[in-house]
Structures are given as C-alpha cells and as structure tokens.
Amino acid sequence: MKVTVFGAGAIGGYLAAKLAMAGRIDLSIVARGAHLEAIKANGLRLIEDGQDMSVPVRAAATAEVLGVQDYVVLALKAHSLTLALDQIVPLLGDHTAVVTMQNGVPWWYFHGVGGPLEGTRLNAVDRGGAIWQRIGPQRVIGSVVYPAVEVDAPGFIHHIDGKRFSLGEPSGERSERVTLLAEEMVKAGLQVPVRDDIRSEIWVKLWGNLSFNPISALTGSTLAAIVADESTRMLARTMMLEAQAIGESLGVRFPIAVDRRIKGAGDVGEHKTSMLQDLERGRSMEIDALVTAVQELGRLTDKPTPTIDAVLALLRRLAVERGCYG
C-alpha cells in the first residue's frame, strides 16, 4: 500500500510518524522548508505518552518524485488546498483515494447527497470549483480529526491528547478502500472508527469550531473563559443554534444537545483555539472553512444567520488588519 501524507505539520506529522513506526506500508510525506530539512536529516521525532522516538520517513519537497499513490492524505489547512493542487495532482492515479483531514465544511460536501443540491460547489472553500475539478469528489474519504498535537520545532511532533481519526465514505458505504486504510491506521496504534454518516460527525466538530474559534480570536480568550462568561457563552450558543438549523435542514443528526456541547468545550480548560493561535503568530486563519462556508450553507437552505454574519464581519476585518486573511 502506497500512502503519501501531504502536509506534515502537527496532524500530518503525527499520522506519518505513527504509520512509519508500524512499518507496514510504503509511506512518504510532502513537506517544505526547515521542517523538510529536519525530517530528512533526523527523521520524524515524536513525543507521545512520555516516550521520545525518532523514525526515518521518506520526505520530498515536490510530489512528482513520489509517483502515483494508493492513498493521499491531505493534512494541510483548507485554505491551502487550491494553491497546492499542482503538487497534489501528480500523486493521483485512476484508483487513488484522497483522505481529507481539513477542519470545517469540506469542498466535497454535496457529492453523493442526492436532491436539488447534489453536485453544488461551495465557493467559500472551493472558489470556482478548482478542487472539485482537479481532485474529483469520487476519490474522497472523509475524516474528522481529534488528536491534539503541536509542532515544537522543525521535524519535532509533540502529541498531547487523543488518537481518534474517524473515517467515512461520503456515500456512507463501508467500502474496501476505507476498510483497508482504517485497518492499517488501527495497527499503527490509532483509534479509527468507520462512520456511515461522516457528515453528521463533521458538523458536531464544526459546531464548536464555527463559534468558539471566532470568539476566541476576537477576544483573546481561552475556551474556559468564553464558557464561564455568560455573554460570550450565549453568543456562542446563538451561533450554534443558527448552524444547527442549517445542518438539520440538510439531514444532519446532532447526537448531543447544544448546552452539553458547550460544556464540553469549557471542560477543555484554558486552551487557546487554533484560530487564536494563528492570529497571534501572524498565520493565515481558517475563516472560510469554519465560518464563511456555514454562512453560504445558510443562504443555500434559506436559513437566517444574523449572529454568524455579524461575528464573521468582525473576524474578517480583524484578520485583514493583521495580515492573516486574504
């Protein structure tokens, strides 16, 4: 089995290190800059469960040298996908599966859903439909990523918590390709349930991301602080209820109540969201996949999103001023 992890940052690096240590597949990664050089020189270094390990991994700056793969895991952020298409396409053969590990609403969301929205391309995450055209939604295996992982230094991955990567075909079928990949990931020490409704699980994670991430970025507050303050907690709740109405109109099942989801976010503690961390470090923020796409889905389903709209307007303005959105 030939697998390439495209984007070896925190999540991609963690997954690659685990698969490499298992030693069962032909694994490659595509990385860049100091991260790439460190991996080439010293392998991928992983700290997990108190153990410090280093594992050699085939690493390349360009995908062309790796050839066609059986699986390509896209572990870069959603807003980077379009710019990476020229690099990704050489990895794709007739039967290559593409595992999407981006947060937020995926570009392939309306592939295989049937009904009037079948085949709809979401401009917020796939402007002009370039990803849909060049990768093809028929290749996709959806994923929801849960591990908390950080890059402590180039080539140095620090696992903090969680080992679950949910996988699922957009059609809901338990295909051979998703089953085989899940088996290899489990043998590498990960928890990999295969879901028959990956979209609903995407929404449950998105539910918190679309509200807590923007509020965190706008206020500089941790999850615990947002939930402890009645005003910001209710702001998040209102955004989540707007999103829930959209999701349910699309057939999504929300298995937990909104207040339980909010409590779960608060229980994480004094944690800065990824969006706040990106803002503080001057990096491009995941605004469109996490928030703009939900606004777009509201327009498609005729569901009002006044609170999401207001928060999104403030968030974009802040990100533009800080050079973190373009």
Side-chain angles (χ1 to χ4, degrees), residues 1-20 22-41 43-44 55-103 106-109 111-112 121-122 125-143 145 151 154-155 157 165 167 169-170 175-178 180-182 184-185 188 284 286 289:
M1 182 187 291
K2 297 184 70 175
V3 178
T4 286
V5 176
F6 194 103
I11 291 298
Y14 176 60
L15 176 60
K18 296 293 285 183
L19 290 172
R24 294 176 48 86
I25 64 173
D26 183 354
L27 177 71
S28 305
I29 62 173
V30 176
R32 62 184 181 181
H35 201 51
L36 172 65
E37 295 308 314
I39 295 167
K40 281 186 170 182
L44 259 175
V55 56
V57 179
R58 182 191 300 117
T62 59
E64 290 90 341
V65 301
L66 301 175
V68 170
Q69 304 290 300
D70 297 309
Y71 296 88
V72 176
V73 178
L74 299 181
L76 65 173
K77 291 187 175 182
H79 53 257
S80 301
L81 276 177
T82 300
L83 295 175
L85 283 173
D86 286 345
Q87 283 264 41
I88 295 167
V89 169
L91 299 169
L92 307 180
D94 292 341
H95 303 291
T96 304
V98 174
V99 185
T100 56
M101 290 192 171
Q102 288 68 51
N103 284 323
W107 57 269
W108 51 263
Y109 191 90
H111 170 66
R121 288 88 184 283
L122 293 170
V125 289
D126 187 15
R127 190 172 300 277
I131 306 172
W132 187 292
Q133 287 295 118
R134 299 192 67 187
I135 292 179
Q138 74 281 355
R139 297 185 187 278
V140 165
I141 295 172
S143 176
V145 174
V151 178
I157 308 299
F165 293 77
L167 300 179
E169 291 278 2
S175 65
E176 181 180 18
R177 67 181 189 175
V178 73
L180 289 173
L181 179 60
E184 291 301 329
M185 291 173 67
S284 189
E286 293 180 286

Next on the checklist: Using side-chain contact (heavy atoms from CB on, under 4.5 Å), reason through V151 and H35 one step at a time and then give a plain yes or no.
Outcome noted: CA-CA 10 Å; V151 178; H35 201 51; 4.2 Å; yes
Contact summary for [X] and [Y], nearest pair of heavy atoms:
X	Y	result
G142	P170	N-CD, 4.5 Å
A17	L44	N-CD1, 3.8 Å
P106	L122	O-CD1, 3.9 Å
A75	M101	CA-CB, 4.5 Å
N103	A78	O-CB, 4.4 Å
A10	I157	O-CG2, 3.9 Å

Side-chain contact test, heavy atoms from C-beta onward, threshold under 4.5 Å: evaluate it for [X] versus [Y] and give yes or no.
X	Y	result
V125	Q102	no
L167	M185	yes
Y71	L180	yes

Distance check, rounded to the nearest 0.5 Å: [X] atom [atom1] versus [Y] atom [atom2]?
X	Y	atom1	atom2	result
Q69	F6	CD	CZ	11.5 Å
I131	D126	CD1	CG	4.0 Å
W132	H111	CH2	NE2	7.0 Å
L76	I11	CG	CD1	13.0 Å
I135	T96	CD1	OG1	11.0 Å
T100	L74	OG1	CG	7.0 Å

*asked:* Using 30° and 60° as the class boundaries, would you call the ring planes of Y14 and F165 parallel, tilted or perpendicular?
replied: parallel
Between side-chain atoms of residues 25-34 and protein atoms elsewhere (two or more places apart, or another chain), which donor-acceptor pairs fall under 3.5 Å?
residue, atom, partner, partner atom, Å
D26, OD1, R58, NH1, 2.8
D26, OD1, R58, NH2, 3.2
S28, OG, R58, NH1, 2.7

Quick check against the 3.5 Å criterion: does D70 have a side-chain atom that pairs as donor or acceptor with the backbone of K2?
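Present.
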Report all side-chain donor-acceptor pairs from residues 83-92 shorter than 3.5 Å, counting only partners two or more places apart or in another chain.
residue, atom, partner, partner atom, Å
D86, OD1, R134, NH1, 2.7
D86, OD1, R134, NH2, 3.0
Q87, OE1, A63, N, 2.9
Q87, NE2, A61, O, 3.2

Which residues pass the salt bridge (Lys or Arg N to Asp or Glu O under 4.0 Å) test with R177, sequence neighbours left out?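 Counting only residues at least two positions away or on another chain, R177 forms a salt bridge (Lys or Arg N to Asp or Glu O under 4.0 Å) with E169.
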